[in-house]
Undergrad: 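Input: one structure, supplied below.
Reckoned from all heavy atoms, side chains included, excluding hydrogens, waters and symmetry mates. What you see is a predicted model; the values in this text were computed from it and never measured.
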Amino acid sequence: MKKFLLTIFAAIFAVTLFAGDAPRGWTTDINAALARAKRENKRVLILFTGSDWCSWCVRLKDDVLNKSAFKNLARDNFILVYFDFPRRNPPSDAQMRIQRQWQQRFGVRVYPTVIIVDGEGNKVGEIGGYRQEEPFLTELRKYLPQRRGNQGNRGNGNRGNRGNQGNRGNRGSQRR
């Protein structure tokens with residue numbers, strides 16, 4: 001019983017300790033992400049999440065973001081930025097200011113929300129609320145970066161300006 005309680009305590013401590021940190025493969029440094037996206041001709045995918053209170057954010061992570069299909073698509077096309085708004089153990093004040101600036105810039109009020117920007121920080125697209133894996137990936141593919149020989153891609157600024165119109169009532173959308 002003592003070993004079991006120690007294991008539970010260690011797990012709770014680990015979750016609490018790492019709340020607010022970016023998962024492996026993600027960054028919280030938006031400026032570095034924008035510079036890298038420009039250099040590598042990729043887009044920046046910004047995830048606005050509430051890792052320790054938003055059940056739909058956790059489901060998106062488990063059902064989509066941790067799956068190989070998303071990871072493969074992201075690796076080749078996106079720089080991943082993780083903007084977490086946890087209730088316990090928030091990021092530093094400086095990081096929280098940066099995250100709130102970007103949150104306000106794009107009017108993010110629903111969690112989870114994914115904003116796709118180009119290397120200049122211009123909004124290209126938005127996916128608001130929870131979606132299952134295939135619908136999420138289908139929507140995300142609309143915002144792939146344009147590359148030479150990528151004639152069929154329509155991931156341009158005009159499409160992204162429409163944001164998530166018609167999706168405001170998405171199942172799982174949570175307001176903070």
Side-chain angles (χ1 to χ4, degrees), residues 17-52 54 56-86 89-131 133 136-148 150 153-164 167 176:
L17 180 66
F18 293 107
D21 290 341
R24 185 173 181 205
W26 295 72
T27 183
T28 58
D29 187 341
I30 186 71
N31 292 325
L34 291 169
R36 185 172 162 211
K38 259 201 245 185
R39 200 171 50 249
E40 297 178 15
N41 190 30
K42 292 184 176 182
R43 298 266 164 89
V44 177
L45 183 151
I46 308 169
L47 173 65
F48 293 85
T49 187
S51 65
D52 66 357
C54 171
W56 291 106
C57 298
V58 173
R59 282 196 62 188
L60 182 68
K61 181 184 80 165
D62 292 344
D63 296 350
V64 178
L65 305 179
N66 284 343
K67 303 283 180 149
S68 60
F70 171 79
K71 289 179 179 181
N72 291 336
L73 182 66
R75 180 187 59 240
D76 297 335
N77 298 288
F78 299 97
I79 308 301
L80 305 175
V81 174
Y82 187 77
F83 281 172
D84 192 13
F85 295 84
N89 299 325
S92 70
D93 289 343
Q95 179 64 32
M96 191 56 86
R97 273 192 301 277
I98 292 167
Q99 292 181 184
R100 291 223 184 273
Q101 287 172 349
W102 285 84
Q103 178 188 34
Q104 290 171 358
R105 177 177 180 175
F106 296 119
V108 174
R109 295 173 46 185
V110 173
Y111 294 85
T113 292
V114 170
I115 301 288
I116 297 96
V117 299
D118 63 18
E120 300 292 329
N122 300 310
K123 182 178 174 181
V124 175
E126 177 175 337
I127 304 173
Y130 172 83
R131 300 201 186 163
E133 184 177 23
F136 183 92
L137 295 176
T138 298
E139 185 70 17
L140 187 59
R141 286 184 187 103
K142 295 177 184 176
Y143 309 115
L144 295 175
Q146 291 184 344
R147 296 202 168 102
R148 290 185 188 129
N150 195 0
N153 183 15
R154 295 182 182 207
N156 61 36
N158 292 335
R159 175 180 290 272
N161 289 338
R162 292 189 305 216
N164 67 343
N167 294 328
R176 179 164 180 155

Undergrad: Do the non-hydrogen side-chain atoms of Leu47 and Leu60 ever get within less than 4.5 Å of each other?
TA: yes
Undergrad: Looking only at side chains, do Gln99 and Gln95 share a donor and an acceptor under 3.5 Å apart?
TA: yes
Undergrad: When you measure from the side chain of Asn72 to the backbone of Ser68, do you find a donor-acceptor pair of N or O atoms at a distance under 3.5 Å?
TA: yes
Undergrad: Answer yes or no: is there a side-chain heavy-atom contact under 4.5 Å between Leu34 and Val44?
TA: yes
Undergrad: Within the structure provided, determine whether Leu73 and Leu144 are in side-chain contact (heavy-atom separation under 4.5 Å).
TA: yes
Undergrad: Roughly how far, to the nearest 0.5 Å, is the CG atom of Asp76 from the NZ atom of Lys42?
TA: 6.5 Å
Undergrad: Can you find a heavy atom in the side chain of Phe106 that is under 4.5 Å from one in the side chain of Lys123?
TA: yes
Undergrad: Could you tell me the separation between the CZ atom of Arg36 and the CG atom of Asn31, rounded to the nearest 0.5 Å?
TA: 14.5 Å
Undergrad: Assign the ring pair Trp26 / Tyr82 to parallel, tilted or perpendicular, where the plane angle (0 to 90°) is split at 30° and 60°.
TA: perpendicular
Undergrad: Is the shortest heavy-atom distance from the side chain of Ile115 to the side chain of Val81 under 4.5 Å?
TA: no
Undergrad: Please report the C-alpha distance between Asp63 and Phe136 in whole Å, then the side-chain angles of each, then the deciding distance to 0.1 Å, and finally whether the side chain to side chain contact (heavy atoms under 4.5 Å, CB included) criterion is met.
TA: CA-CA 10 Å; Asp63 296 350; Phe136 183 92; over 6 Å; no
Undergrad: Any side-chain heavy atom of Leu45 within less than 4.5 Å of one from Leu140?
TA: yes
Undergrad: Atom CD1 in Ile30, atom CD1 in Ile46: separation rounded to 0.5 Å?
TA: 4.0 Å
Undergrad: So, taking the atom named CD in Glu139 and the one named CD in Glu126, what distance separates them when rounded to the nearest 0.5 Å?
TA: 10.0 Å
Undergrad: Please tell me if the side chains of Asp118 and Arg43 come closer than 4.5 Å, counting only heavy atoms from C-beta onward.
TA: yes
Undergrad: Ignoring hydrogens, what is the shortest heavy-atom contact between Pro112 and Cys57? Give both atom names and the distance.
TA: N-SG, 3.5 Å
Undergrad: I would like to know whether Asp84 and Thr28 meet side chain to side chain contact (heavy atoms under 4.5 Å, CB included); could you show each step before the answer?
TA: CA-CA 9 Å; Asp84 192 13; Thr28 58; over 6 Å; no
Undergrad: Ignoring hydrogens and angles, tell me if any N or O in the side chain of Asn66 forms a donor-acceptor pair with the backbone of Lys71 under 3.5 Å.
TA: no
Undergrad: Classify the ring geometry of Phe85 against Phe48: parallel below 30°, tilted from 30° to 60°, perpendicular beyond 60°.
TA: parallel
Undergrad: Measure across Asp62 and Lys67 and return the closest heavy-atom pair with its distance rounded to 0.1 Å.
TA: O-CE, 3.4 Å
Undergrad: What's the spacing between Arg59 CZ and Leu65 CG if we round to 0.5 Å?
TA: 13.0 Å
Undergrad: So, for Gly119 and Ala37, which heavy atoms are closest and what is the spacing to 0.1 Å?
TA: CA-CB, 4.2 Å
Undergrad: Compare all side-chain heavy atoms of Trp56 with those of Val110 and state whether any distance is below 4.5 angstrom.
TA: no
Undergrad: To the nearest 0.5 angstrom, please state how far the CZ atom of Phe83 sits from the OG1 atom of Thr113.
TA: 13.0 Å
